[in-house]
Amino acid sequence: MTAPQFNHSVAAQHHRIDASAWDDIYVVGDVHGCLRELRTLVDRIDPSGDDLFVFVGDLVRKGPDSKGVVDYVREHDNMVTIRGNNEEKLLRGTKELPELTHDDLAWIRSLPVAISFEDALVVHGGVDPRKSFADHDVDDLLEMRSLSSGYERPFWWEKHEGPQTVFFGHTPIDDPILREHAVGLDTGCVYGGSLTAYSWYDETVVELETDRTVQHRPASKFVTPRMPVLA
């Protein structure tokens with residue numbers, strides 16, 4: 001499978017991974033500063049140093065320990081992440097996290113907006129199936145959700161037909177979205193839901209139920225996935 005072909009602006013922020021270099025690849029949903037849950041999830045998976053973790057962005061904001069999550073990911077050679085819209089808000093100056101250092105923000109600025117390997121593509125928000133990857137800009141990848149507006153159906157993943165399988169977060173969901181060409185992993189950890197990882201090699205989900213609600217979110221801003229699902 002060839003790498004997705006983006007325009008020059010996005011291509012400069014796209015990182016291609018050699019999947020054969022890793023025993024397994026776990027794609028992890030939005031952490032939002034929930035360091036305790038992230039540590040517990042990683043302990044449950046019990047990875048070796050040859051297992052790679054790829055985060056869908058939004059490591060920061062809303063939760064209790066954004067600095068701790070950033071430090072934790074940065075100190076592990078087998079962890080990589082893309083920028084989510086909450087990292088982007090820090091870079092654009094619309095939100096602040098005083099606990100993050102200038103070095104932390106420089107690291108966030110260096111993050112890609114897309115990571116791909118084999119036939120998988122990891123972005124934060126999603127892709128627009130109505131146009132080619134070459135016509136996507138950074139904001140598309142960070143914020144894509146509904147093909148209409150807000151939380152109205154259809155959502156992009158209900159219309160995306162590949163060929164890449166797109167892993168994404170951004171939209172809080174009651175359960176993981178497991179479709180042939182789209183895997184949604186933001187199961188609302190910071191909102192009292194769960195923190196979810198997906199094993200790319202085994203096509204299985206590891207889901208850690210949380211025991212706390214850090215921030216409340218109205219039910220209207222959670223999405224219940226619809227069929228079809230992966231066999």
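Any value given below was found using the heavy atoms of this structure, including those in side chains, with hydrogens, waters and symmetry copies removed. Residue numbers count from 1 along this sequence. Note that the structure is predicted; figures quoted are calculated from it, not measured.
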Test side chain to side chain contact (heavy atoms under 4.5 Å, CB included) on Val28 and Val54 and set out the steps.
-> CA-CA 6 Å; Val28 183; Val54 180; over 6 Å; no
May I ask you to check whether over 12 heavy atoms, not counting those of Asp77, lie within 6.0 Å of atom CG?
-> no
Ionic contact status for Lys67 with Asp71, cut-off 4.0 Å = yes
Between Asp43 and Thr40, do the side chains contain an N or O donor and an N or O acceptor separated by less than 3.5 Å?
-> no
Between Asp103 and Arg74, is there a salt bridge with N-O shorter than 4.0 Å?
-> yes
Whether Asp30 side chain and His32 backbone form a donor-acceptor pair below 3.5 Å = no
Check: Thr101 and Leu105 side chains under 4.5 Å, non-hydrogen atoms | no
Can you check whether Phe168 and Trp156 have ring centres sitting under 6.0 Å from each other?
-> yes
Determine the interplanar angle of the Trp157 and Phe155 rings, folded into 0 to 90°, and report it as parallel if under 30°, tilted if 30 to 60°, perpendicular if over 60°.
-> parallel
Assess whether salt bridge (Lys or Arg N to Asp or Glu O under 4.0 Å) is satisfied between Asp139 and Lys89, documenting all intermediate values.
-> CA-CA 11 Å; Asp139 285 347; Lys89 288 174 181 178; over 6 Å; no
Decide yes or no on side chain to side chain contact (heavy atoms under 4.5 Å, CB included) for Met144 and Val127, but give the supporting numbers first.
-> CA-CA 6 Å; Met144 193 66 202; Val127 298; 5.8 Å; no
Any side-chain donor-acceptor pair under 3.5 Å between Ser199 and Asp24?
-> yes
is_close_aromatic(Phe117, Trp22), centroid dist under 6.0 Å = no
Linked, directly or transitively: Phe133 and Leu147 (ILVMFWY side chains, under 4.5 Å) | yes
Looking only at atom types and distance, does a side-chain atom of Asn78 sit under 3.5 Å from a main-chain N or O of Asp51, one as donor and one as acceptor?
-> yes
Out of Phe167, Phe55, Phe53, which one pairs with Tyr198 under the ring pair (Phe, Tyr, Trp, His ring centres under 6.0 Å) rule?
-> Phe167
Before giving the answer on salt bridge (Lys or Arg N to Asp or Glu O under 4.0 Å), spell out for Asp135 and Arg130 the whole-Å C-alpha distance, their side-chain angles and the decisive distance to 0.1 Å.
-> CA-CA 10 Å; Asp135 290 329; Arg130 298 168 297 189; over 6 Å; no
Heavy-atom neighbours of Arg109 CZ exceed 12 at 6.0 Å | no
List the steps, then state whether side chain to side chain contact (heavy atoms under 4.5 Å, CB included) holds for Ile115 with Val80.
-> CA-CA 9 Å; Ile115 287 174; Val80 294; 3.9 Å; yes
Just checking, any donor-acceptor pair under 3.5 angstrom between side chains of Glu152 and Ser146?
-> no
Do Tyr191 and Lys221 have side-chain atoms, one donor and one acceptor, less than 3.5 Å apart?
-> no
So, the side chain of Gln215 versus the backbone of Val190: is there a donor-acceptor pair under 3.5 Å, distance only?
-> no
Would you kindly say whether Thr171 and Asp186 are connected by a side-chain donor-acceptor distance under 3.5 Å?
-> no
So, does Asp140 use its side chain to make a donor-acceptor pair with the main chain of Asp137 at under 3.5 Å?
-> yes
Would you call Arg212 and Glu37 a salt bridge, taking side-chain N to carboxylate O under 4.0 Å as the test?
-> yes
Can Val70 and Val60 be said to form a side chain to side chain contact (heavy atoms under 4.5 Å, CB included), step by step?
-> CA-CA 8 Å; Val70 168; Val60 301; 3.6 Å; yes
Above 12 or not: heavy atoms from other molecules or residues under 6.0 Å from CD of Glu75?
-> yes
Under 3.5 Å, is there a donor-acceptor pair between the His124 and Arg83 side chains?
-> no
